[in-house]
Amino acid sequence: MFEQLRGRNLAHIGCTLGALLGLFLGLMAAVIVIQFVISASAVTLATIAFVVVTVGLTILGYVLGVILTRRLWGNAPRGGESGALGLERPDHGTTD
C-alpha cells in the first residue's frame with residue numbers, strides 16, 4: 001500500500017483526515033461547551049468552538065501532509081523530472 005502512495009502529495013490525505021478528525025472533535029467540543037455554559041450564549045460559543053477546531057485540524061492535517069510528502073520523497077515529482085505520464089515538462093522560457 002505504501003508503494004501506491006509513492007510520489008503523491010499527501011497534503012490532500014492529511015487534509016481529509018484532519019477534517020474528519022476535526023468534525024468529530026469539534027462536535028465533542030461543542031457538546032462540552034453547551035454542557036458547561038448554561039446561558040443564552042452557549043450556542044454561539046459552541047458554534048465558534050466547532051468551527052475553530054474543525055478548520056484548525058483541517059489546516060494542520062494539510063500542513064503535516066505537505067511536510068511528510070517533502071520528507072518522504074523530496075521536492076522532485078514522481079519519475080524524476082518528467083511529468084506524471086512520463087512526458088517531459090514544457091519549458092515556458094523561465095530561467096532560474
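Worth saying up front: this structure is predicted, and the values here are computed from it rather than measured. Residue indices begin at 1 and follow the sequence shown. Values below: all heavy atoms of this structure, side chains included; hydrogens, waters and symmetry mates excluded.
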Inter- and intrachain pairs under side-chain hydrogen bond (donor to acceptor under 3.5 Å, both in side chains), touching residues 46-60, at least two apart: none

L68 reachable from L17 in the ILVMFWY side-chain graph, under 4.5 Å edges: yes

V55: partners by side-chain contact (heavy atoms from CB on, under 4.5 Å), with sequence neighbours left out: V51, I59

I67: partners by side-chain contact (heavy atoms from CB on, under 4.5 Å), with sequence neighbours left out: V63

Summary of side-chain hydrogen bond (donor to acceptor under 3.5 Å, both in side chains) pairs that have at least one residue in residues 24-33, sequence neighbours excluded: none

Within one Ile-Leu-Val-Met-Phe-Trp-Tyr cluster: F50 and V31, side-chain cutoff 4.5 Å: no

Set of residues satisfying side-chain contact (heavy atoms from CB on, under 4.5 Å) with respect to I48, sequence neighbours excluded: T44, V52

Side-chain polar contacts of residues 18-26 - donor-acceptor pairs under 3.5 angstrom, sequence neighbours left out - could you list them?
none

side-chain hydrogen bond (donor to acceptor under 3.5 Å, both in side chains) pairs, two or more places apart, involving residues 20-32: none

Hydrophobic cluster of V33, others only, ordered by chain and residue number, side-chain cut-off 4.5 Å: V37, L45

Remaining members of the apolar cluster that contains I32, side-chain heavy atoms under 4.5 Å: F36

Residue pairs involving residues 31-40 (criterion side-chain hydrogen bond (donor to acceptor under 3.5 Å, both in side chains); sequence neighbours excluded): S39-S41

Contacts of I34 that satisfy side-chain contact (heavy atoms from CB on, under 4.5 Å) - sequence neighbours left out: A46

Straight-line distance of L64 CG to C15 SG, nearest 0.5 Å: 11.5 Å

